[in-house]
Amino acid sequence: MGTWKKKNSKNKVCYISIPFPAQIIKSVSSSSLSKRNTTTKFFSLFLRNPKLFAFCLLSLSVLGILSRLSHCLSPQESQLQSSDSTRSNTTHADDRSSDRITKPSVAVVGKNETFGGKDPKLIIPSRHVLDDEFWKQPDGLGYKPCLDFSAAYRRESRKIVRERRKYLMVVVSGGMNQQKNQIVDAVVIARILGAVLVVPVLQVNLIWGDESEFSDIFDLERFKSVLANDVKIVSLLPANKIMTRPTEDGGMPFHASPQWIRSHYLKRFNRDGVLLLRRLDSRLSKDLPSDLQKLRCKVAFEALKFSPSVMDMGKKLAERMRSKGPYIALHLRLEKDVWVRTGCLSGLSSKYDEIARLEGIKRPELLTAKSSMTPNERKLAGLCPLNAKEVTRLLRGLGAPRDARIYWAGGEPLGGKEALKPLTSQFPHLYNKYDIALPHELKPFAKRASIMAAIDYIVCKESDVFMASHGGNMGRAIQGHRAYEGHRKLITPNKRQMLPYFLNTSMTETEFEKMIKKLHRQSLGQPELRISKAGRDVTKYPVPECMCNNQTTPTI
């Protein structure tokens, strides 16, 4: 694991001295007596040929300047440090020291108090950006965001935003990415019902003890303003509705259609005026009319931005990662509960496999995988997370350079630092948010798991290459977001087809790399049409409902 070392805030001042004729004459005349005759001859030659003397003087001056410049332009920035220890909350000491990286990928020009500066123009791209195939971005085929709503939708909007009688309240639960998905669907449900949406309430997470409110994580004013022409949003119920007991309903089925929602809620809405919904995760159908799909994208990618403090922190860490050149972001699903939920083996040792097995026996409700399959059958079917060793082999097979900087997001792995050793042995520049933040920077968010997840989301979204080891809400959300912003490179591990080659010990490394690249040729973030993936979320596959190019026209 790596740490950051604070740089000295005092700037070194470099002086360039230019030799004067008197200095040269003194230097020449101070030669040893044994060489006096030779010196005299050369000195006489200078006096007889002033042009030669001037030329030599100029040459010495230039050499002196170049020598001084080479010293002045040497990087004065702080260097990323590598170590194998796992970072704890108190490991950000200013006087921490470790071996300095001697060959940074880039030369950083200019000064900034944060590592590497904030202006990307000050960074000279490393050779990887220019030459290495691994950093090459996919062809986005000209797709750009395209949220042109139909004339009928716009006419209906004028009526909906004037609504003052029906109010929809929602309570969203789970981690930050689950909450985000439910907020997106809450806006769409409010639109379907023609209701005013009260700002969603974030249920206190009992596992992490996170009491964050909507405005702690998301930019509330932006949320309201961006959607002002689609759905009316208020922070609180109006005074005449506060004493109204909301009708609560928790019976919405999975993948409910707009027709189902209207038939079950409109009468109740018109009678009581306030409706409370809970448990919205995956309740709204993924296949909606075109305008509602566009609304989903508008909420997810335009309206739901993180709060300024969260955004500033995430951007700051992303800038530090990129200050040395391009970087990879990994969402590693190596936590104990992930191994228990999937019914898979971590590949660490029998000790850790037994820990996961016993936890599964103690809490059988956690197992979400098919119980009839053995762990080995699940793995070969591509249903298990990739462990650190498999992630390492995949990255090496795809050509990731050894000196690549990697940001990893995720909770504490089962097995701690031992679980990450295969990665750190091949890619020593491996960091998470605790490694690159200064000691005080994450303190305000220490007990806010959702905000910490939001910071990880930002750094991963901004990366040059992103890969999730096992799907999940965060992986799906970032995939769609990167597509919406221009189809930036994203590696989707082809687990089912590649794992047999991981077990084939007769293959040479060259053959292995060739096969890995072949299997992932079409899994690097290229545009994928959602219409070919029925039932998939438009916020993961925004083409063609939310994006169009010169060859396609928006649905009106």
Side-chain angles (χ1 to χ4, degrees), residues 137-150 153 177-189 191 254-258 280-304 329 331 333 382-383 457 460-463 465-497 519-556:
Q137 296 298 311
D139 184 356
L141 302 178
Y143 279 103
K144 295 181 180 179
C146 187
L147 300 179
D148 294 329
F149 294 94
S150 69
Y153 179 93
N177 289 288
Q178 279 180 289
Q179 293 171 343
K180 188 176 177 183
N181 291 340
Q182 292 170 62
I183 293 168
V184 170
D185 284 355
V187 173
V188 178
I189 292 171
R191 173 76 193 200
F254 288 107
H255 312 301
S257 67
L280 292 182
D281 198 16
S282 298
R283 301 292 171 168
L284 182 61
S285 172
K286 305 302 181 186
D287 297 311
L288 298 174
S290 177
D291 285 323
L292 295 181
Q293 296 288 56
K294 286 179 169 60
L295 180 58
R296 256 186 171 143
C297 291
K298 187 175 183 179
V299 181
F301 305 135
E302 305 287 351
L304 267 183
H331 186 211
R333 306 300 306 280
L383 301 176
Y457 184 101
C460 289
K461 184 182 74 69
E462 295 296 317
S463 66
V465 178
F466 173 74
M467 184 177 81
S469 66
H470 185 62
N473 288 309
M474 180 168 169
R476 288 192 289 269
I478 290 179
Q479 176 175 336
H481 214 147
R482 289 172 73 89
Y484 190 78
E485 292 187 348
H487 288 93
R488 296 157 67 190
K489 187 166 184 176
L490 179 140
I491 300 169
T492 303
N494 192 338
K495 290 186 283 189
R496 185 180 300 178
Q497 293 189 43
L519 290 176
H520 292 85
R521 194 171 295 154
Q522 300 302 319
S523 305
L524 300 176
Q526 302 93 330
E528 294 186 68
L529 299 182
R530 195 195 77 87
I531 55 177
S532 65
K533 300 178 182 297
R536 302 295 180 92
D537 198 333
V538 71
T539 58
K540 181 180 179 181
Y541 301 99
V543 179
E545 286 100 333
C546 302
M547 301 183 76
C548 53
N549 59 15
N550 294 334
Q551 285 72 46
T552 61
T553 56
T555 303
I556 302 297

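Computed from heavy atoms alone, side chains included, the values below leave out hydrogens, waters and symmetry copies. All of these numbers come straight from a predicted model, not from anything done at the bench.
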Query - Criterion side chain to side chain donor-acceptor pair (under 3.5 Å) on Asp287 and Ser285, from CA distance to verdict - result: CA-CA 5 Å; Asp287 297 311; Ser285 172; 4.9 Å; no
Rounded distance (nearest 0.5 Å) linking atom [atom1] of [X] with atom [atom2] of [Y]:
| X | Y | atom1 | atom2 | value |
| --- | --- | --- | --- | --- |
| Met547 | Leu147 | CE | CG | 9.5 Å |
| Ile183 | Gln178 | CD1 | CD | 12.0 Å |
| Leu288 | Glu545 | CG | CD | 9.5 Å |
| Arg530 | Lys540 | CZ | NZ | 12.5 Å |
| Gln526 | Gln137 | CD | CD | 11.0 Å |
| Ser463 | Lys489 | OG | NZ | 11.0 Å |

Requested in this report: Using atom types as modelled and distance alone, determine if a side-chain donor or acceptor of Arg482 lies under 3.5 Å from a backbone N or O of Cys460.
Outcome: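 Looks like yes, one N/O pair under 3.5 Å.
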Query raised in the report: Taking Arg488 for the side chain and His481 for the main chain, is one N or O donor matched with an acceptor at less than 3.5 Å?
Result: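 No; zero donor-acceptor contacts below 3.5 Å.
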Of all the heavy-atom pairs spanning [X] and [Y], show the shortest one and how long it is.
| X | Y | answer |
| --- | --- | --- |
| Arg333 | Ser469 | N-OG, 2.9 Å |
| Asn473 | Asn181 | OD1-ND2, 3.3 Å |
| Thr492 | His520 | O-CD2, 3.4 Å |
| Tyr484 | Glu302 | OH-OE2, 2.8 Å |
| Pro138 | His487 | CG-O, 2.9 Å |
| Ser282 | Phe254 | O-CD2, 3.5 Å |

Would you indicate whether the side-chain heavy atoms of [Y] and [X] approach each other to under 4.5 Å?
| X | Y | value |
| --- | --- | --- |
| Arg296 | Leu284 | yes |
| Tyr153 | Arg191 | yes |
| Ile491 | Leu524 | yes |
| Phe466 | His331 | yes |
| Arg536 | Glu528 | no |

Report task. Taking the two cysteines Cys546 and Cys146, decide whether their SG atoms are closer than 2.5 angstrom. Result ->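 Answer is no, sulfur atoms not closer than 2.5 Å.
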